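None of these values were measured; they are calculated from a predicted model.
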Amino acid sequence: MEHFDTVILGAGAAGMMCAIHAASRGGRVLVVDHATAPGEKIRISGGGRCNFTNIGTSARNFLSSNPHFAKSALGRYTQHDFVALIEKHGIAYHEKTLGQLFCDHSAKDVIAMLLNEMARVACDLRLRTTLESLERIEDGFAVTLGGDGAAPIRCRHFVVASGGKSIPKMGATSLGYQIAGQFGLAVTETRPALVPLAFGEDLLAGFREIAGVAADARVSCGKTSFDEALLFTHRGLSGPAILQISSYWREKDPIRITFEPAQDIFARLRASRQENGRRSIGNVLGDILPKRLAAYLADAHGWAGPIGDASDKKLTAIASTLQRWEVTPIGSEGYRTAEVTLGGVDTAGLNSRTMAATAVDGLYFIGEVVDVTGWLGGYNFQWAWSSGWAAGTAIAERAG
């Protein structure tokens, strides 16, 4: 029988961050994961360079049944705190668009940083290790581990940092939700988020012809909109604007696309008509949009003939279509390609300051498994750092 102050299920961003702080006052901490390496989502994120936070992070960048829940953790361990840690370890980074911070070299630098911090406070890490059973006992939890790290364990605190259901090929499961249910915590509806959207064959036939074409757009669903790039694919639509809106989209809802939202397309069409009326409408649209997209839209809507023959009414209709194009997805690509899971352990059963289950002493939920889901752009990593810090700090205070 082994004894630990804290056992953390999940060696991802939230789990490792929690371990670092839970062990900061000498508590004995064990991190277990069924994967063969720690931080696998960190490794593949940001094209291998890890979009590790966003300089503009605030609670408004997150979806949750309780929009106020994330404020405490995000406000006490901020993006600036994590950037300071990155700089302390000499990791070079740069800012891309919209406040997104990336490593200059590799996402592996962030993993190495976290492992070094864990080693500094003597955390125990066991990979290729599974949770076989978890039971509440008088002074904590009885844990049975299987796999390479198989052992019966007793611990005072148990932290669930097992993530959501996104990217199952990397081993994502529903285990965190099952543990919540075992101890009487509610789980909200879960669904794929930050995910490409799929379309029916009526639209796909045309989309396939322009697969790979990207365009600047405002993509809206209901009252929510994002101004970023969208990408046509063989399955439908992707790109940052689509991934963002997918978190707000529901089945049967249309999405509205405004191409080149910063431009007055009608004014540009009318100017082109005055400059050279012999040019075709499709050719003129190719000055405003990517040429393959312009040709597709002109053909799909029957915008033929020289622009000189088009009346103001027709040009207004063309501009209106380009800036209010409604299409209805038939679904998403699902958890296979989703970057995160929307929904999770209901925050009504958690303490926003400590991430502890209010009805189960010593049980904590952090990171993606919780019903707090960030926008695209480093926000979900910041939630992992902040929630992991909140739980780890609270555990260290109890242990100390």
Side-chain angles (χ1 to χ4, degrees), residues 2-35 38-39 41 69 72-73 77 114 117-118 121-127 129-137 139-145 149 153-164 173-185 187 344-347 349-372 383-400:
E2 296 183 79
H3 293 268
F4 289 88
D5 292 295
T6 305
V7 173
I8 300 171
L9 180 65
M16 288 193 283
M17 192 66 167
C18 181
I20 292 163
H21 293 279
S24 63
R25 297 190 183 182
R28 194 172 181 219
V29 175
L30 170 65
V31 181
V32 300
D33 201 302
H34 65 274
K41 268 198 172 183
F69 181 83
S72 177
Y77 189 88
L114 294 169
E117 287 287 317
M118 287 172 61
V121 291
C123 292
D124 191 348
L125 173 62
R126 297 184 192 178
L127 300 170
T129 300
T130 56
L131 177 68
E132 299 299 316
S133 68
L134 174 66
E135 296 178 16
R136 188 82 175 89
I137 56 177
D139 57 349
F141 298 89
V143 183
T144 304
L145 300 178
I153 288 172
R154 296 290 183 270
C155 63
R156 183 179 174 192
H157 312 100
F158 190 89
V159 183
V160 181
S162 54
T173 71
S174 301
L175 179 58
Y177 310 133
Q178 294 167 17
I179 294 171
Q182 175 186 341
F183 290 97
L185 278 77
V187 177
V345 177
D346 195 335
T347 58
L350 302 178
N351 182 309
S352 65
R353 186 172 180 82
T354 65
M355 306 304 298
T358 54
V360 185
D361 185 50
L363 182 63
Y364 299 76
F365 292 84
I366 59 174
E368 187 184 349
V369 74
V370 179
D371 175 29
V372 175
W383 172 244
W385 314 135
S386 296
S387 61
W389 175 90
T393 300
I395 288 169
E397 289 173 354
R398 281 170 56 110

What pair of heavy atoms forms the shortest contact from [X] to [Y], and how long is it?
| X | Y | value |
| --- | --- | --- |
| T129 | G149 | OG1-N, 3.0 Å |
| V31 | G10 | CG1-O, 3.7 Å |
| I20 | M118 | CG1-CG, 3.6 Å |
| T354 | Y364 | O-CD2, 3.3 Å |
| L127 | A11 | CD2-CB, 4.5 Å |
| R136 | D361 | NH2-O, 3.1 Å |

Pairwise distance [atom1]([X]) to [atom2]([Y]) - rounded to 0.5 angstrom:
| X | Y | atom1 | atom2 | value |
| --- | --- | --- | --- | --- |
| C123 | I8 | SG | CD1 | 7.0 Å |
| S386 | I366 | OG | CD1 | 11.0 Å |
| L363 | T358 | CG | OG1 | 10.0 Å |
| E135 | F141 | CD | CZ | 11.5 Å |
| L30 | I153 | CG | CD1 | 5.0 Å |
| S387 | M17 | OG | CE | 9.5 Å |

**Item:** Side-chain heavy-atom pair L185, V360 within 4.5 angstrom cut-off
**Value:** yes
**Message:** Is there a side-chain contact between F4 and V143 in this structure, where contact means two heavy atoms from C-beta onward sitting under 4.5 Å apart?
**Reply:** no
**Request:** Answer yes or no: is there a donor N or O on one side and an acceptor on the other, between the side chain of D5 and the main chain of V29, under 3.5 Å?
**Result:** no
**Polar side-chain atom of R28 near backbone of H3 as donor-acceptor pair, under 3.5 Å** = yes
For [X], check side-chain hydrogen bond (donor to acceptor under 3.5 Å, both in side chains) against everything at least two apart and list the hits.
| X | result |
| --- | --- |
| D371 | S65 |
| E132 | T130 |
| H157 | T6, R398 |
| T144 | S133 |

**R353 and E397 ion-paired at < 4.0 Å** =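 So R353 does not pair with E397 through a salt bridge.
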Report, one line per pair, each donor and acceptor closer than 3.5 Å where one atom sits in a side chain of residues 176-184; sequence neighbours left out.
| from | atom 1 | to | atom 2 | distance (Å) |
| --- | --- | --- | --- | --- |
| Q182 | NE2 | L134 | O | 2.6 |

**Asked** Excluding sequence neighbours, so at least two apart, what forms ring pair (Phe, Tyr, Trp, His ring centres under 6.0 Å) with Y77?
**Response** W389
**Message:** Go through it in stages, so that I can follow the logic: the residues are L114 and W385, the test is side chain to side chain contact (heavy atoms under 4.5 Å, CB included), and I'd like the CA-CA distance, side-chain angles, deciding distance and then a yes or no.
**Reply:** CA-CA 11 Å; L114 294 169; W385 314 135; 3.9 Å; yes
